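The basis for the numbers below is simple: all heavy atoms, side chains too, and nothing from hydrogens, waters or symmetry mates. Since this is a predicted model, take the numbers as computed values, not measurements.
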Amino acid sequence: MQTRKTRYDIVHVQPAESWKRQVDGWLQWLTCAGRTPDTVRTRWYQISRFSRLVDKPIAEVIAEDVMVVLSMETLGLDARRGLRSALKSFFSWAVEHGHAATHPIDVVPMFPMTDPRGIVCPEENVARGFSDAREDARVAVLLAAGMGLRRAEISKVNTLTDVVPSSHGMRLRVHGKGRRVRVLPVSMALQGLLRNRSLGWLFPGRFGGGCSVDYVSSLIKSATGYPPHSLRRRFATVVYYESGYNILLVSKLLGHASVGTTMRYIGLVPDDMCVAVEKAAVTKMFSSVSRAVSHPVIGGHGQAAVADGMVYGALVHDF
């Protein structure tokens, strides 16, 4: 069994005894396939947990066993989706390598996406984090809420190799998902704090290297009362509105491969919603209509009123 440098190296999260050799083989396959250490660690935890819950050898697992575990009330929708993905990968590998005869995931239903807009950390909580008495907490909150870093990205920051001077001020090299690296400008508030830190890991771990993602989470949550990803969503929301709805800019800053993913990060500002509803309830935009025309583009059926470049009151055909 491989040894993993993590606080999860304890009995209650190890794979079932009959699964250990196969789990190690699968994890080696994931590593060779280029999966990041964070992804491998997550998959290891997911499959280890499943092996204990299902409590039977790999070759005997059937679709009904999988659905029983995925239906447990203790698992949220995101956890179920992640576990199903891990099981699909694991059993594909197991069938190919002769550890299982059939793939039990084939008939297991997929789970729908959750509400795309998660929690956005309120501004008063962000302000509380910015002024926390602990320097580590202030730095972590500034990186999450002020630069949009994920907790794993924060844990990997090394001031010796990742802080880059430039003619436009300090830049930070961020090691994101899928081994993608992006370079971001550093705010003046954070620059002062980083210059006073020792060279090396920004948050050193107990066993060498950077700290665990759980340490970052505990810092941020104790300072703001909210989980780290809610601060990342707050960053996305602020940049989106302050930049004049520049979604491409937000996507680049967050390190997303898809703008569609970025859109799910943007929170709705209540004031904007109120203004939109009030504007929709006013009919003044129709009062300036000065003429009615037969609109050839629409097909010439019925009279169309034209105002401010928009056409109203005509039968619109789908082309």
(request) For Glu135, enumerate each residue passing the salt bridge (charged side-chain N to carboxylate O under 4.0 Å, His left out) test, keeping only those at least two apart in sequence or located in another chain. (result) Arg197
(request) Any chance you could measure Ile220, atom CD1, to Asp136, atom CG, to the nearest 0.5 Å? (result) 11.0 Å
(message) What I want to find out is whether Lys156 reaches Asp38 closely enough, with some N-O distance under 4.0 Å, to be called a salt bridge.
(response) yes
(request) Can you label the angle between the His97 ring and the His99 ring as parallel, tilted or perpendicular, going by 30° and 60°? (result) parallel
(message) Looking at every heavy atom in both Arg179 and Pro37, which two are closest together, and how far apart are they?
(response) NH2-CD, 4.3 Å
(request) For Lys56, look at atom NZ and say whether over 12 heavy atoms of other residues, nucleotides or ligands are found less than 6.0 Å away. (result) yes
(request) Would you check if Leu219 and Ile154 make a side-chain contact, meaning some heavy-atom pair closer than 4.5 Å? (result) no
(request) State yes or no: do Val141 and Val238 share one hydrophobic cluster built from I, L, V, M, F, W and Y residues joined by side-chain heavy-atom distances below 4.5 Å, directly or via other members? (result) no
(request) State, with a plain yes or no, whether a side-chain heavy atom of Thr42 is found less than 4.5 Å away from one of Thr39. (result) no
(message) Any heavy-atom pair between the side chains of Ser131 and Arg138 that's under 4.5 Å?
(response) no
(request) Using the rule that two of Ile, Leu, Val, Met, Phe, Trp, Tyr join whenever any of their side-chain heavy atoms come within less than 4.5 Å, decide whether Leu193 and Trp201 are in one cluster. (result) no
(message) Can you confirm whether Phe235 sits close enough to Leu149 that some side-chain heavy atom of one is under 4.5 Å from a side-chain heavy atom of the other?
(response) no
(message) With a 4.0 Å cut-off on N to O distance, would you call Arg134 and Asp132 a salt bridge?
(response) yes
(message) Please determine whether side chain to side chain contact (heavy atoms under 4.5 Å, CB included) holds for the pair Leu172 and Val163, giving the CA-CA distance in whole Å, both sets of side-chain angles, and the decisive distance to 0.1 Å.
(response) CA-CA 5 Å; Leu172 182 67; Val163 175; 4.1 Å; yes
(message) Test your reading of the model: is there a side-chain donor-acceptor pair from Arg233 to the backbone of Ile119, 3.5 Å cut-off?
(response) yes
(message) Looking at Arg150, is its backbone amide N or carbonyl O close enough to the side chain of Glu153 to form a donor-acceptor pair, meaning the two atoms are under 3.5 Å apart?
(response) yes
(message) Could you tell me if the side chain of Arg234 sits less than 4.5 Å from the side chain of Asn125, heavy atoms only?
(response) no
(request) Kindly say whether Pro109 contributes a backbone atom to a donor-acceptor pair with the side chain of Arg84 at under 3.5 angstrom? (result) yes
(request) Look up atom CG in Leu231 and atom OG1 in Thr224, then write down how far apart they are to the nearest 0.5 Å. (result) 5.0 Å
(request) May I ask whether Met188 and Leu142 are part of the same hydrophobic cluster, defined by side-chain heavy atoms of I, L, V, M, F, W, Y residues being less than 4.5 angstrom apart, directly or through others? (result) no
(message) When you measure from the side chain of Arg173 to the backbone of Thr161, do you find a donor-acceptor pair of N or O atoms at a distance under 3.5 Å?
(response) yes
(message) Quick check: closest heavy atoms across Trp26 and Ser89, and the distance to 0.1 Å?
(response) NE1-OG, 3.2 Å
(message) Tell me whether Thr159 contacts the main-chain N or O of Gly200 through its side chain, where contact means a donor paired with an acceptor under 3.5 Å.
(response) yes
(request) Would you give the length of the straight line joining atom CD1 of Ile62 to atom CE of Met67, rounded to the nearest 0.5 angstrom? (result) 8.5 Å
(message) Can you list, by chain and residue number, the hydrophobic cluster partners of Leu199 when the side-chain cut-off is 4.5 Å?
(response) Leu160
(request) Might you point out which heavy atoms bring Val186 and Gln191 nearest each other, and give the distance in Å? (result) O-NE2, 2.9 Å
(message) Quick check on the hydrophobic clustering: are Val95 and Val54 connected, directly or via other members, by side-chain heavy-atom contacts under 4.5 Å?
(response) no
(request) Start with the C-alpha gap between Val216 and Cys211, add the side-chain angles, then the distance that decides, and say whether side chain to side chain contact (heavy atoms under 4.5 Å, CB included) holds. (result) CA-CA 8 Å; Val216 174; Cys211 68; 3.7 Å; yes
(request) Establish whether Val164 and Leu194 are linked, either directly or via other cluster members, by ILVMFWY side-chain heavy-atom contacts under 4.5 Å. (result) no
(request) Among Gln46, Arg80, Arg43, find the residue that satisfies the side chain to side chain donor-acceptor pair (under 3.5 Å) test when tested with Ser85. (result) Arg43
(message) Let me confirm one number: the OG-CD distance from Ser71 to Glu64, rounded to the nearest 0.5 Å.
(response) 11.0 Å
(message) Do Arg151 and Asp214 have side chains that approach each other closer than 4.5 Å (heavy atoms only, starting at C-beta)?
(response) yes
(request) Using side chain to side chain donor-acceptor pair (under 3.5 Å) as the criterion, point out the one residue from Gln14, Arg21, Lys20 that pairs with Glu17. (result) Lys20
(message) Under a plain distance cut-off of 3.5 Å, with no hydrogens placed, do Thr261 and His256 share a side-chain donor-acceptor pair?
(response) no
(request) Could you go through the side chain to side chain contact (heavy atoms under 4.5 Å, CB included) check for Val126 and Tyr226 one step at a time? (result) CA-CA 9 Å; Val126 173; Tyr226 279 76; over 6 Å; no
(request) With the side chain counted from C-beta on, respond yes when Ile47 and Leu87 share a heavy-atom pair under 4.5 Å apart, and no when they do not. (result) yes
(request) Let me see the working for Ser166 and Val183 under side chain to side chain contact (heavy atoms under 4.5 Å, CB included), right down to the final yes or no. (result) CA-CA 11 Å; Ser166 77; Val183 179; over 6 Å; no
(message) On a heavy-atom basis, which atom in Pro15 and which in Ser48 lie closest, and how many Å separate them?
(response) CG-OG, 3.3 Å
(message) If you compare all heavy atoms of Val69 against all heavy atoms of Leu83, which two are closest, and at what distance to 0.1 Å?
(response) CG1-CD2, 4.1 Å
(message) Is the ring pair Phe91/His103 parallel, tilted or perpendicular, if the boundaries are 30 and 60 degrees?
(response) tilted
(message) Let me confirm one number: the OH-CG distance from Tyr240 to Leu254, rounded to the nearest 0.5 Å.
(response) 13.0 Å
(message) Please give me the minimum heavy-atom distance between Ala152 and Val213, naming the atom from each residue.
(response) CA-CG1, 3.6 Å
(request) Using a 4.5 Å cut-off on heavy atoms from C-beta on, say whether the side chain of Tyr265 contacts that of Val250. (result) no
(request) Drop me the distance from Leu249's CG to Glu242's CD, to the nearest 0.5 angstrom. (result) 12.0 Å
